[in-house]
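Note on naming: letters A, B, ... go to the chains in the order of the sequence lines (proteins, then strands), and numbering restarts at 1 for each one.
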Amino acid sequence: MDNLLLNVEDLKTHFFLDDGVVPAVDGVSFHLRKGETLAVVGESGSGKSITSLSIMRLVPAPPGRIVGGRITFAGEDLLAKSEKEMRDVRGNRISMIFQEPMTSLNPVYRVGDQIAESLVLHKRMKKKEALEQAVEMLRLTGIPSPEKRVRDFPHQMSGGMRQRVMIAMALCCQPELLIADEPTTALDVTIQAQILELMQELQRQMNTSIILITHDLAVVAEVADRAVVMYCGKVVEEAPVAELFENPLHPYTRGLLNSIPRLDENVDRLFMIDGVVPNMLRLPPGCAFAPRCPEAREHCRETAPRLTRVAPGRLVSCLLVEGGAA
Amino acid sequence: MLRYVIKRILLLIPVLLGISFFVFMVLHLFTTDPAALMLGQHATNEQVAALREELGLNDPVWVQFFRFLSDLVQGDFGRSLMTRAPVLDEIFSRFPATVELALAAIFIAAIVGITVGVVSAVKQYSVFDYFSMIGALLGVSMPIFWLGLMMIVLFSLKLHWLPVSGRIDIGMEPVHITGLYIMDSILTRDWESLKSALLHIIMPATALASYSMAIIARMTRSTMLEVIRQDYIRTARAKGLKETVVTYRHALRNALIPVITVIGLQMGVLMGGAVLTETVFSWPGIGSRLVDAILASDYPMVQGSIIFIATVFVVVNLVVDLLYAWLDPRIKYS
Amino acid sequence: MAELAKATVETAEIDELHSPLREFWRRLSKNKLAMVSLVFLLGLTLVALFAPYIAPYDPINGIMEESLQAPNAKHLLGTDELGRDILSRIIFGARISLRVGLLAVAIALSVGTVLGSIAGYYGGKIDLIIMRFMDIMLSFPSLLLAIAFMAVLGRGVENAVIAISIVTMPEYARIVRGSVLSVKENEYVQAARAIGNRDAAIIFKHILPNVMAPIIVRGTLGISTAILETAALGFLGLGVQPPDAEWGTMLGSGRGYLFNAPHLVYFPGIAITLTVMAFNLLGDGLRDALDPRLRQ
């Protein structure tokens with residue numbers, strides 16, 4: 001595969017707590033091509049955010065630690081890098097946007113200074129030059145009168161504005177990869193659409209690859225090329241987005257799809273997946289989804305399924321899918 | 001911002017009026033007759049009555065208060081019964097020593113307290129954290145005058161490292177510029193005086209600082225622990241900043257906002273503590289003078305010193321509030 | 001059957017009433033430092049109560065021939081300048097320190113609670129007047145204000161209690177006012193008012209029980225402040241007067257013998273530090289046990 005940007009192989013990130021070990025990310029593999037948008041989908045606690053923090057090597061430690069696997073980014077092994085080398089990657093070649101624009105900006109510094117900080121650090125710009133570039137970035141993200149707003153403190157801006165600032169901050173060094181962790185979840189629906197559009201627009205301009213972490217399949221349908229579905233620290237299905245929506249293979253994916261509200265269907269109540277995410281300290285021996293799965297059989301509770309290729313570009317981890325038990 | 005400052009300064013006036021009224025009333029209502037005190041035990045009743053008339057003590061209370069107030073405004077705090085010198089002169093001659101001691105103490109308390117608090121938070125549950133929190137517990141529980149005595153026993157009497165008492169060796173006083181010996185000796189490049197002043201101030205200032213240092217260390221630690229968990233710290237790390245930059249530029253600046261308030265509150269503790277420390281180390285400041293005045297029932301001196309110290313305290317608090325508003329951009333100047 | 005159901009409901013209610021207390025005790029007893037402090041303070045209280053039986057010597061009348069002895073087998077902590085046994089004086093000193101500490105906090109707490117409740121409950125002009133007054137008192141450094149009161153009241157232990165209660169009172173008033181304001185608008189208070197309860201009844205029965213937690217915590221920590229300030233007044237010669245044994249006064253008079261008999265200032269200081277530390281740790285423990293949300 002040429003034009004491969006990121007390859008995650010068998011990544012394991014565990015949390016060592018007093019009560020035991022939580023395998024928050026447990027053997028996750030996926031890849032990302034240049035210019036592509038990959039969605040990582042799952043409920044909260046599925047390990048999708050920890051996966052992204054693992055790529056950045058920002059897993060809170062202790063108690064968390066990357067215990068196995070390989071992360072190759074543009075041909076370089078990220079897990080083999082020193083902390084100093086890693087700092088040259090963060091914010092420069094890989095950037096991140098977080099869920100909470102209200103709290104993700106430092107309240108005591110002007111937004112311009114916060115954007116400029118990255119440019120001074122990674123692009124060796126002078127402060128003045130960096131601030132001018134910050135104005136340009138704010139203009140690019142569609143903030144009106146950016147030369148004034150650059151002097152604003154975060155609390156003087158709305159949530160949508162702050163998320164634009166976060167995007168400006170993340171993209172100012174023209175990173176090869178942008179990881180967006182639930183970038184629109186905290187925003188109003190109308191603002192959500194604007195932010196997603198902005199991300200796509202900037203992706204086209206800068207040829208950035210995006211990993212979009214979300215629990216919202218509606219967002220996935222709108223912007224992603226491919227999707228990886230995660231459950232309890234494992235990948236349960238991977239597919240191009242169109243095929244995933246057309247023909248979901250894993251019962252969990254079907255459950256997620258059924259819980260999207262549709263305007264064209266008159267449903268009385270939203271379908272929800274029964275039950276809750278199991279306690280990560282005491283995972284069931286078989287398929288982790290079995291206790292909640294409406295189609296589970298006896299052997300699902302005993303044998304753990306493996307992620308298996310069932311068609312070109314399609315992987316699933318389910319004993320019920322033909323070939324899935326291999 | 002300027003309007004806010006002016007408004008806050010104007011708001012000081014009623015507070016200062018209240019303080020003066022309060023001190024005046026308390027002393028007026030409860031103390032023994034100042035005329036009798038001034039004349040001593042052998043005075044006749046007629047003499048006392050004559051002096052009462054002369055001093056205006058027979059006028060209605062409110063007339064006396066307004067006379068007192070108009071005197072105060074003109075800088076007339078009365079005369080000390082002990083030395084017969086104007087109270088304000090006494091205060092001004094003693095005040096620099098107290099300012100120097102308090103500044104040295106708050107400096108030590110803030111620098112050590114913040115540093116210990118930050119390191120304890122960054123290395124939570126480490127040996128350093130453990131011991132510094134035991135130290136902080138001792139700091140808030142030990143009477144500062146006892147700590148002072150213990151330091152004298154150890155560093156002066158046993159080890160002979162530091163002088164027992166006083167501000168500076170006799171004859172070493174630097175040329176008077178600000179009245180603060182350390183500052184004056186630096187300004188005049190009088191290094192011998194500087195050395196002597198530093199050796200004298202180190203124990204009283206550290207003893208005075210101990211309580212505030214402990215409070216500041218605890219406060220810094222707990223706010224740092226809270227700030228380190230914030231989302232914007234993760235953002236800073238995701239930018240690729242060094243951990244030291246994350247800690248000092250992004251976390252500390254936020255953690256300092258509540259710490260500044262605590263430091264401001266400590267000024268009051270320090271001024272109360274100065275009375276004790278000055279007594280322990282025979283430091284010639286306003287606090288030890290106040291205690292002498294009370295023991296000698298020198299009540300114009302007591303009244304003057306208390307009003308003066310309270311005024312300084314109120315002004316310091318105002319400065320701290322303004323500093324706070326400047327540090328935290330979220331505060332509205334209203 | 002119906003009666004049985006009713007009885008069960010009642011027991012359930014009683015359990016509900018008891019369980020917060022039990023839950024509080026369960027949390028407090030898990031805090032080792034707080035429990036050690038509690039045991040220490042209970043022990044100290046017993047020592048204070050039975051001081052005449054425990055103390056090996058008379059704390060007031062010494063034996064001049066045995067003055068300024070270093071700690072030895074006969075006098076475990078040595079003797080002072082008048083030949084009095086320091087251990088005995090420290091034991092009797094516990095009486096004064098604990099009494100002054102508890103009494104000062106009790107007075108300050110009662111007056112502060114009444115003023116704070118009135119200010120918070122009625123609001124308006126009364127609130128303004130009371131709180132302005134408290135603000136002015138708080139604008140003095142507290143030890144300085146206590147010293148000023150001692151100047152007008154005269155020296156002595158009773159006056160020390162009064163001075164310390166006055167200067168610490170505004171803080172309690174402020175806490176109570178704040179708490180009253182926060183529960184005043186709750187529905188159960190509105191309901192109590194609607195059925196025609198008198199204001200005093202509403203304040204005492206319905207509001208104060210709900211603001212007890214911060215008051216108890218502040219009061220416990222306040223005892224350590226009161227003990228420290230009593231000692232400070234004693235040290236300056238303004239508080240408890242000789243020959244009475246009080247820890248701060250002992251330090252004040254022992255100060256003159258630093259060079260040849262430093263043991264005079266060792267032990268009273270240790271006694272103050274340990275007692276104050278115990279009240280601080282107990283106060284912190286109570287805070288954590290009463291309101292786990294306040295915990296770091």
Side-chain angles (χ1 to χ4, degrees), chain B residues 14-19 21-23 26-32 137-138 140-147 149-150 152-154 156-158 164 211 221-222 225-226 267-276 279-280 287 290-291 293-295 297 299 302-303 305-306 309-311 313-314 317, chain C residues 33 132-133 135-155 166-167 221 224-225 227-229 231-238 247-248 251-252 254-255 258-260 262-266 268-281 284 296:
Chain B
V15 175
L16 292 177
L17 266 177
I19 290 172
F21 182 69
F22 187 69
V23 172
V26 168
L27 286 166
H28 184 88
L29 290 177
F30 293 105
T31 35
T32 37
L137 179 64
L138 273 174
V140 294
S141 306
M142 253 191 300
I144 57 170
F145 51 94
W146 182 60
L147 178 64
L149 292 174
M150 292 296 101
I152 291 178
V153 170
L154 180 62
S156 304
L157 303 181
K158 296 243 186 313
V164 178
Y211 180 87
R221 179 179 181 270
S222 69
L225 284 176
E226 206 165 290
M267 293 306 291
V269 175
L270 282 183
M271 284 183 202
V275 176
L276 296 164
T279 306
V280 172
L290 173 64
V291 175
I294 291 173
L295 292 173
S297 299
Y299 110 100
V302 173
Q303 182 173 274
S305 327
I306 290 178
I309 297 177
T311 307
F313 181 55
V314 170
N317 276 352
Chain C
L33 284 173
R132 265 295 127 78
F133 197 68
D135 282 346
I136 289 176
M137 288 186 60
L138 284 171
S139 68
F140 289 91
S142 100
L143 182 64
L144 200 73
L145 192 59
I147 290 172
F149 274 108
M150 293 311 284
V152 292
L153 295 171
R155 303 163 209 173
I166 295 176
V167 302
L221 295 172
S224 52
T225 315
I227 291 178
L228 276 178
E229 295 204 340
L233 291 177
F235 176 75
L236 292 173
L238 301 173
W247 297 338
L251 286 176
R255 198 186 145 217
L258 271 190
F259 199 77
N260 31 11
H263 68 271
L264 291 193
V265 296
Y266 292 163
I270 293 174
I272 300 172
T273 306
L274 288 179
T275 311
V276 169
M277 200 188 299
F279 276 112
N280 280 334
L281 288 172
D284 287 349
Q296 180 61 54

Proximal component of Tyr266(C), with respect to chain B [non-hydrogen, under 4.5 Å]: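 Tyr266(C) touches chain B through backbone and side-chain heavy atoms alike.
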
- request: Let me know if Arg132(C) has heavy atoms under 4.5 Å from chain B in its side chain, its backbone, both or neither.
  value: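 It is neither, since no heavy atom gets under 4.5 Å.
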
To the nearest 0.5 Å, how far apart are [atom1] in [X] and [atom2] in [Y]?
X: Ile306(B); Y: Phe149(C); atom1: CD1; atom2: CZ; result: 9.5 Å
X: Leu281(C); Y: Leu137(B); atom1: CG; atom2: CG; result: 5.0 Å
X: Leu258(C); Y: Ser156(B); atom1: CG; atom2: OG; result: 9.5 Å

- prompt: Which pair of non-hydrogen atoms, one from Ser141(B) and one from Leu228(C), has the smallest distance, and what is that distance?
  reply: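 For Ser141(B) and Leu228(C), the tightest heavy-atom pair comes out as O-CD2, 3.9 Å.
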
Name the member of [options] that forms the most heavy-atom pairs with chain C at distances under 4.5 Å.
options: Val140(B), Val269(B), Val15(B); value: Val140(B)
options: Ile309(B), Ile19(B), Val314(B); value: Ile19(B)
options: Val275(B), Val302(B), Leu295(B); value: Leu295(B)

Between [options], which has the largest tally of heavy atom pairs under 4.5 Å with chain B?
options: Met150(C), Met137(C), Arg155(C); value: Arg155(C)
options: Ile270(C), Asp135(C), Ile227(C); value: Ile270(C)
options: Ala148(C), Gly248(C), Ala232(C); value: Ala232(C)

task: Answer with side chain, backbone, both or neither: which region of Ile152(B) has an atom nearer than 4.5 Å to a non-hydrogen atom of chain C?
output: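 For Ile152(B), the contact with chain C is made by the side chain alone.
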
Could you tell me if the side chain of [Y] sits less than 4.5 Å from the side chain of [X], heavy atoms only?
X: Pro262(C); Y: Lys158(B); answer: yes
X: Trp146(B); Y: Ile272(C); answer: no
X: Leu290(B); Y: Leu144(C); answer: yes
X: Phe145(B); Y: Leu236(C); answer: no
X: Arg255(C); Y: Thr279(B); answer: yes
X: Val280(B); Y: Phe235(C); answer: yes
X: Leu143(C); Y: Leu276(B); answer: yes
X: Met150(B); Y: Val265(C); answer: yes

